[in-house]
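Lettering of chains follows the sequences in order, A, B, ..., and the numbering in each one begins at 1.
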Number of protein chains: 2
Amino acid sequence: MSGTGEGDRTAARILDAAVDRFGRDGFGVGIRAIAADAGVSPALVIHYFGGKDRLRAACDAHVLAALAAEKHRSATDGTAAGLIARLAEIEGFAPMTAYILRSLREGGDLARAFMEQLIADSTAYLEAGVAAGVIRPSRDPVARSRMLSYQAAGSMVLWLTLHPEYAEPDAFARGLNAFVTETMVPMLEVYAEGLYTNPALLEEYLSQLPDTSSSSSSSSEAES
Amino acid sequence: MSGTGEGDRTAARILDAAVDRFGRDGFGVGIRAIAADAGVSPALVIHYFGGKDRLRAACDAHVLAALAAEKHRSATDGTAAGLIARLAEIEGFAPMTAYILRSLREGGDLARAFMEQLIADSTAYLEAGVAAGVIRPSRDPVARSRMLSYQAAGSMVLWLTLHPEYAEPDAFARGLNAFVTETMVPMLEVYAEGLYTNPALLEEYLSQLPDTSSSSSSSSEAES
DNA sequence: GTACCGATTAAACGCTTGTTTAATAGCGGA
DNA sequence: TCCGCTATTAAACAAGCGTTTAATCGGTAC
């Protein structure tokens with residue numbers, strides 16, 4: 001019968017090595033390096049996964065599945081840095097976290113899927129905050145959570161890109177901690193008190209737009 | 001005498017081709033592609049610049065010099081998207097803009113220099129806004145402008161990474177326009193009205209920090 | 001005239017890349 | 001015992017990489 005043979009464990013080891021290497025060195029890394037990490041020959045990598053492109057696709061699927069499984073374990077707090085930091089602290093999740101961050105830098109399907117999920121979580125989190133009375137309601141809640149998600153994830157990725165001393169997956173926890181320490185106070189300040197003294201600036205901008213009634217979430221839905 | 005010979009114009013053509021190719025395809029692109037774009041042989045590229053690494057360093061210096069020259073022409077508005085969008089619209093600056101964005105994605109010295117400059121501009125701009133009474137004062141103005149610069153640049157870079165249909169330098173203007181259109185309203189909303197209903201959240205966080213008096217800008221100055 | 005010099009290139013070198021080919025070893029079933 | 005299947009690999013392949021070597025032009029100075 002098709003019982004789990006010896007090769008399945010080897011394939012899993014190759015997949016783990018691929019996620020780790022891709023996350024550390026980017027998707028330009030060679031198959032030979034991945035094979036060496038997994039303790040197998042380069043040919044075996046291709047034998048199991050069919051090629052480099054399909055190996056990356058398998059990594060995408062693997063990380064995405066692990067992400068979905070982790071999501072069931074505990075509710076997210078809706079922020080990108082919070083989610084990433086929590087993932088990085090989970091035993092054995094650091095390589096996957098690095099893989100996600102690498103995908104956000106180089107682009108690809110996993111990055112888009114991750115952002116969509118982050119935006120969805122953030123939307124639900126903010127909505128709950130609005131219902132609880134701690135978050136201000138928005139004229140366009142989805143657009144706001146999109147913007148906040150892009151800002152949170154983008155600033156974190158950019159900060160880590162410019163601070164390569166935190167590149168190793170072991171240093172992620174420290175790097176994210178440093179990033180949060182550096183940005184938390186001004187972020188809370190802006191979110192708690194605003195940035196402009198005159199709220200009328202927003203109204204002015206809105207009044208000069210062509211139409212403000214039916215363009216609620218058209219821009220975010222028209223891009224898929 | 002050492003008048004500008006024929007080779008200087010050729011070297012400039014190679015440099016322009018390198019900036020364009022690096023910006024379009026990333027720093028992994030081959031020297032042969034750059035040489036073909038410039039209409040010369042690969043060996044001539046190395047003859048003039050000494051190797052791929054030094055060619056990229058020359059590109060960095062070239063873009064940085066052009067950026068400094070452009071800075072003298074008109075004052076910036078202090079925002080990342082505003083600066084990039086204005087650069088992209090200048091005749092012939094689109095390839096350099098792409099080069100900057102590519103550097104922000106892959107890291108390197110130019111990316112760090114660009115962010116430092118952006119933060120400096122943003123700090124001055126916000127300070128002027130505070131003096132004029134339209135921007136709220138901050139407990140740590142530099143940290144706030146750092147955070148806002150990272151959020152603005154990071155969200156833009158991430159958005160463009162996930163929307164590869166705007167990858168060509170010709171499409172930059174449209175892409176940045178789409179990004180601004182998508183994020184401007186919720187951004188103004190948060191900046192004008194805040195995100196939290198209760199400003200005391202910030203005070204609570206500040207009071208639980210070890211010390212809030214002398215840690216003003218230590219984190220941002222300790223990283224150079 | 002000829003010796004030199006910068007511009008330029010074709011060709012090759014050594015290396016790495018992703019992938020293929022062919023082979024070896026081990027094991028379960030007929 | 002032989003067949004077939006899976007796991008696995010060494011070796012080769014073709015292509016691409018950055019770079020080097022050696023050569024060819026076209027001036028310009030002496």
Partners passing ring-ring contact (aromatic ring centres under 6.0 Å, His included) against [X] (at least two apart in sequence or in another chain):
X        : result
A:Tyr99  : A:Phe27
B:Tyr125 : none
B:Phe49  : none

Respond yes when some side-chain nitrogen or oxygen of [X] is under 4.0 Å from OP1 or OP2 of [N], and no when none is.
X       : N      : answer
B:Tyr48 : C:dG6  : no
B:Ser41 : C:dA10 : no
A:Thr10 : D:dT8  : yes

Pick out the pairs of N or O atoms, protein on one side and nucleotides 19-25 of chain C on the other, that lie under 3.5 Å.
{"residue": "C:dT19", "atom": "OP2", "partner": "A:Lys52", "partner atom": "N", "Å": "2.7"}

Check the distance between [N]'s [atom2] and [X]'s [atom1] and give it to me in whole angstrom.
X       : N      : atom1 : atom2 : result
A:Ile14 : D:dT9  : CD1   : C1'   : 12 Å
B:Arg9  : C:dG6  : CZ    : P     : 18 Å
B:His47 : D:dA23 : NE2   : P     : 17 Å
B:Leu44 : C:dT9  : CG    : P     : 6 Å
A:Asp25 : C:dT16 : CG    : P     : 15 Å

Checklist entry - For the helix from C:dG1-D:dC30 to C:dA30-D:dT1, what is the angle between the axes at its two ends, each from 5 pairs, rounded to 10°? => result 30°
Item to check | Heavy-atom donor-acceptor pair, B:Ser122 side chain to B:Leu118 backbone, under 3.5 Å | outcome: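 No, the answer is negative, given that no donor and acceptor are paired below the 3.5 Å cut-off.
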Next on the checklist: Any base atoms under 4.0 Å from B:Val29, or only sugar-phosphate, or nothing? Heavy atoms, all strands.
Outcome noted: sugar-phosphate
Item to check | Qualifying salt bridge (charged side-chain N to carboxylate O under 4.0 Å, His left out) pairs, either residue in residues 50-62 of chain B, two or more places apart | outcome: none
Next on the checklist: Test: salt bridge (charged side-chain N to carboxylate O under 4.0 Å, His left out). Region: residues 103-113 of chain A. Which pairs qualify, not counting sequence neighbours?
Outcome noted: A:Arg102-A:Glu106, A:Asp109-A:Arg112
Item to check | Residues B:Glu165, B:Arg174: salt bridge by 4.0 Å N-O rule | outcome: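 Between B:Arg174 and B:Glu165 there is no salt bridge, as every charged N stays at least 4.0 Å from the carboxylate O atoms.
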Next on the checklist: For B:Asp37, give me all partners under salt bridge (Lys or Arg N to Asp or Glu O under 4.0 Å), at least two apart in sequence or on another chain.
Outcome noted: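 Only B:Arg21 meet the salt bridge (Lys or Arg N to Asp or Glu O under 4.0 Å) criterion with B:Asp37.
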Can you give the donor-acceptor pairs under 3.5 Å from side chains of residues 89-96 of chain B to other protein atoms, not counting sequence neighbours?
none

